[in-house]
Amino acid sequence: QVQLVESGGGLVQTGGSLRLSCAASGRTFSSYAMGWFRQAPGKEREFVTAISRSGGNTHYADSVKGRFTISRDNGKNTVYLQMNSLKPEDTAVYSCAARIQYAPVYMSSWFAEREQYNIWGQGTQVTVSS
């Protein structure tokens with residue numbers, strides 16, 4: 001069973017950048033698709049981005065396309081979220097999550113299915129000041 005620990009959150013001004021990391025324990029990290037989700041106060045948790053088990057394909061919510069980049073290093077059991085041009089509306093708790101991926105998948109909808117991720121980190125706070 002994979003366990004996830006996020007880091008890298010903090011306070012940043014509008015237009016700034018942050019890089020989140022999600023470190024996974026366990027030897028089967030490369031079997032999992034990885035996603036980042038966020039939850040702002042009073043709102044439901046929403047999909048941000050995800051990456052396939054191999055890192056070969058990535059998917060993004062429209063709200064972050066062109067500003068955020070997801071990547072992974074299977075040798076280090078880590079997934080990253082580079083966030084640039086941050087906006088106050090990006091303020092949220094960001095959580096990484098994992099779901100097993102048995103075969104190649106290309107549909108964005110599969111990666112955005114929040115309920116299908118069964119392993120979650122504790123979350124890290126990102127606050128963007130205006």
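Numbering starts at 1 and runs along the sequence shown.
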Test: salt bridge (charged side-chain N to carboxylate O under 4.0 Å, His left out). Region: residues 120-130. Which pairs qualify, not counting sequence neighbours?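 Residue pairs passing salt bridge (charged side-chain N to carboxylate O under 4.0 Å, His left out), neighbours aside: none found.
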I need the full list of salt bridge (charged side-chain N to carboxylate O under 4.0 Å, His left out) pairs touching residues 64-83, with sequence neighbours left out, sorted by first then second residue. Asp62-Lys65, Arg67-Asp90
What side-chain donor-acceptor pairs closer than 3.5 Å can you find for residues 97-111, not counting sequence neighbours?
| unit_1 | atom_1 | unit_2 | atom_2 | d |
| --- | --- | --- | --- | --- |
| Arg99 | NH1 | Trp110 | O | 2.6 |
| Arg99 | NH1 | Glu113 | OE1 | 3.0 |
| Gln101 | OE1 | Arg53 | N | 2.9 |
| Gln101 | NE2 | Ala103 | O | 3.2 |
| Ser108 | OG | His59 | ND1 | 2.8 |

Would you say Gln122 and Leu4 make side-chain contact, with heavy atoms under 4.5 Å? no
Side chain proximity check, Thr91 to Val126, heavy atoms < 4.5 angstrom: no
Of all residues at least two apart in sequence or in a different chain, which pass the side-chain hydrogen bond (donor to acceptor under 3.5 Å, both in side chains) check with Thr127? Gln125
side-chain hydrogen bond (donor to acceptor under 3.5 Å, both in side chains) filter on Gln116, not counting sequence neighbours, yields none
Show which side-chain atoms of residues 12-33 pair as donor or acceptor with protein atoms under 3.5 Å away, not counting sequence neighbours.
| unit_1 | atom_1 | unit_2 | atom_2 | d |
| --- | --- | --- | --- | --- |
| Thr14 | OG1 | Ser129 | O | 2.8 |
| Ser17 | OG | Asn84 | OD1 | 2.9 |
| Ser25 | OG | Gln3 | N | 3.3 |

So the disulfide (SG to SG under 2.5 Å) pairs with at least one residue in residues 97-130 (sequence neighbours excluded) are none
Enumerate the disulfide (SG to SG under 2.5 Å) contacts for residues 101-130, please, sequence neighbours excluded, ordered by first and then second residue. none
Side-chain donor/acceptor of Gln82 to backbone N/O of Thr69, under 3.5 Å: no
Residues forming a side chain to side chain contact (heavy atoms under 4.5 Å, CB included) with [X], sequence neighbours excluded:
X	value
Ala92	Arg38, Ala40, Tyr94
Glu44	Arg114
Thr58	Ile51, Tyr60, Ile70

Rounded at 0.5 Å granularity, tell me how far CE in Met34 sits from CD1 in Ile119. 8.0 Å
Would you compute the distance between atom CG of Asn74 and atom OG of Ser54 and round it to the nearest 0.5 angstrom?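 One finds 8.0 Å between CG of Asn74 and OG of Ser54.
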Residues in salt bridge (charged side-chain N to carboxylate O under 4.0 Å, His left out) contact with Glu89, at least two apart in sequence or another chain: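 By the salt bridge (charged side-chain N to carboxylate O under 4.0 Å, His left out) rule, Glu89 matches no residue at all.
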Cluster check Val64, Val79: I/L/V/M/F/W/Y, side chain < 4.5 angstrom: yes
Does Trp36 share a hydrophobic cluster with Val128, counting links as ILVMFWY side-chain heavy atoms below 4.5 Å and allowing steps through other members?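 Shared cluster, yes.
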Heavy atoms only: give me the nearest Trp120-Ser95 pair and the separation to one decimal. CE3-CB, 4.0 Å
